[in-house]
Amino acid sequence: MSIIIPDHKLYKIINSVNIINQQGLFFYNNHPWYPLEHTYEEHSDFTTKKLGREKFDKLMMMDTVAGCFNIHKSLVPAIMKRLADLGITKIYIYPDMNNFKSVVTEQGIYNRLTLKK
């Protein structure tokens, strides 16, 4: 395992641990002037025509690149509690990379000393 700390140039180019915990997805649009939404819409239309609507839906593809849910602000406390109960906190989603190396090292040493063999 290699740990590249945030102030290292290579880290900034190839790493984002936020993606791991967020189970994120990176979109890259190489079209010189169309926005991502337009490029995806073209792909979606092409795929639907090629496969047919039934297969397109079976693949769980979407007609649009992204969507959103509007959540009433009064639900925020309940949602935050539920996420915390699942271990999903701000620190989990946005780990402190300045402290990452020591946390991983300490946790590894602790696990090695306390796990049953």
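In this chain, numbering begins with 1 at the start of the sequence shown.
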*Asks:* Atom OG1 in Thr47, atom CZ in Arg53: separation rounded to 0.5 Å?
*Replies:* 10.5 Å
*Asks:* For Lys58, give me all partners under salt bridge (charged side-chain N to carboxylate O under 4.0 Å, His left out), at least two apart in sequence or on another chain.
*Replies:* none
*Asks:* Are side-chain heavy atoms of His43 and Tyr40 found at a separation under 4.5 Å?
*Replies:* yes
*Asks:* Do NZ/NE/NH1/NH2 and the carboxylate oxygens of Lys49 and Asp45 come within less than 4.0 Å?
*Replies:* no
*Asks:* Is there a side-chain contact between Ile71 and Ile79, using heavy atoms and a 4.5 Å cut-off?
*Replies:* yes
*Asks:* In terms of hydrophobic clustering (I, L, V, M, F, W, Y; side-chain heavy atoms under 4.5 Å; direct or indirect links), are Tyr92 and Leu86 co-clustered?
*Replies:* yes
*Asks:* Let me confirm one number: the CE-CG distance from Met80 to Asp85, rounded to the nearest 0.5 Å.
*Replies:* 11.5 Å
*Asks:* Can you tell me how far CZ of Phe56 sits from CG of Leu51, rounded to the nearest 0.5 angstrom?
*Replies:* 8.5 Å
*Asks:* Would a single hydrophobic cluster contain both Ile88 and Leu75, if residues Ile, Leu, Val, Met, Phe, Trp and Tyr are joined by side-chain heavy-atom contacts under 4.5 Å?
*Replies:* yes
*Asks:* Hey, are the side chains of Tyr34 and Glu42 touching, using non-hydrogen atoms and a 4.5 Å cut-off?
*Replies:* yes
